[in-house]
Amino acid sequence: MDRSVASLAAVLASLLGVGCAFSDVPLTLPHPTDYELAGGRQREIVVASPFRDGRTIQDRCGMQKNGYNMDTADAVCETDPTLWIAKVLADGLSRAGFRVVEESSRPSALRTEGELLMLFVEPVIGFWSGSLEADLEVHLRLTSATGLVAERTFYAKGWKGGQMFSTRTPFQTALSRATEKLVKDMVSAIVELLDRYPSLGRAAPPRVVVAGR
Amino acid sequence: MNRRRLLAVTILVAALAATSCARHVVAERALADSLGDRDWTVEREPVAVPPAPQGSSDVVERLRAIEALHADGLLDDAEYEEKRREILEEL
């Protein structure tokens, strides 16, 4: 009888433990490159780095949960997310054909400042199913010496389902999808804004020097 | 009898555990639509900057240069006025 009770306890412990994940999940912040963007037309733009950190939760980038929807461990960013998001935007603008510079003396150059409002990856557990969800939210403020002040908030969600959540891979996949969507949205919106004001970001016409004068 | 009860309890717990793990078998979902702002909030529009007249920026730079030299004592008042006049005559 004692053996039966011990066996039952072992079976129970192993079954209940299946849904648990007590280890922290390290997150490598992704730099998506598998996307096409255009419209920069060599216009000059400054991306201030790092972005401000406006996240409500700053000590972790997500959470791990057990099968009962309980927070059991942290998802931890391996690098500073405020530097990362500025770099991701700058890379996206470069890929779209902008000339991204650190500083510019041109009055028409556009200056981009940002605030990271949310970066959180977590399993969302349903009764029969679940998924990994990554939420990203960024506020951009664009200014120019010629007087432009424009602001916009961007939000993107990345999903990954059908995986064991005790591994790192689905966390990374969800975050990569959210990042790709966010950078596409931000760059497309900046292109659209600059197209409204064609003087912004343009290089001055080359000066003509007349010989002998 | 006791063994039957133990078996029944074990089966029940296994079923419950399997239910909690069913989350692992979900279909892939499409990416969410963006929920951010629909458009930019433009607080101020940029003013159009007229193109500078030919050579005027040179004049400004040269005036600033001789002003700095004068302030540093490298040009006296007469030299400064003379140079200033020469530069302005080019306009």
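Within every chain, numbering begins at 1; the chains are lettered A, B, ... in the order of the sequence lines, protein sequences first and strands thereafter.
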Under 4.5 Å heavy-atom distance to chain B, tell me which part of A:L117 shows up: side chain, backbone, both or neither. neither
For A:E137, is it the side chain, the backbone, both or neither that has a heavy atom under 4.5 Å from a heavy atom of chain B? neither
Salt bridge (Lys or Arg N to Asp or Glu O under 4.0 Å) against A:R55, all qualifying residues, sequence neighbours excluded: A:D53
Minimum heavy-atom separation for B:W40 and A:L142, please, with both atom names. CH2-CD1, 3.7 Å
What side-chain donor-acceptor pairs closer than 3.5 Å can you find for residues 71-78 of chain B, not counting sequence neighbours?
{"residue": "B:D76", "atom": "OD1", "partner": "B:A78", "partner atom": "N", "Å": "3.2"}
{"residue": "B:D76", "atom": "OD1", "partner": "B:E79", "partner atom": "N", "Å": "2.7"}
{"residue": "B:D77", "atom": "OD1", "partner": "B:H70", "partner atom": "NE2", "Å": "2.5"}

Hey, mind stepping through B:D39 and A:E192 against side chain to side chain contact (heavy atoms under 4.5 Å, CB included) and telling me if it holds? CA-CA 10 Å; B:D39 199 359; A:E192 184 267 326; 4.0 Å; yes
State whether the side chain of A:R152 and the backbone N or O of B:V42 hold a donor-acceptor pair below 3.5 Å, judged by distance alone. no
For residues B:G36 and A:Y155, report the shortest heavy-atom separation together with the two atoms involved. N-CB, 3.6 Å
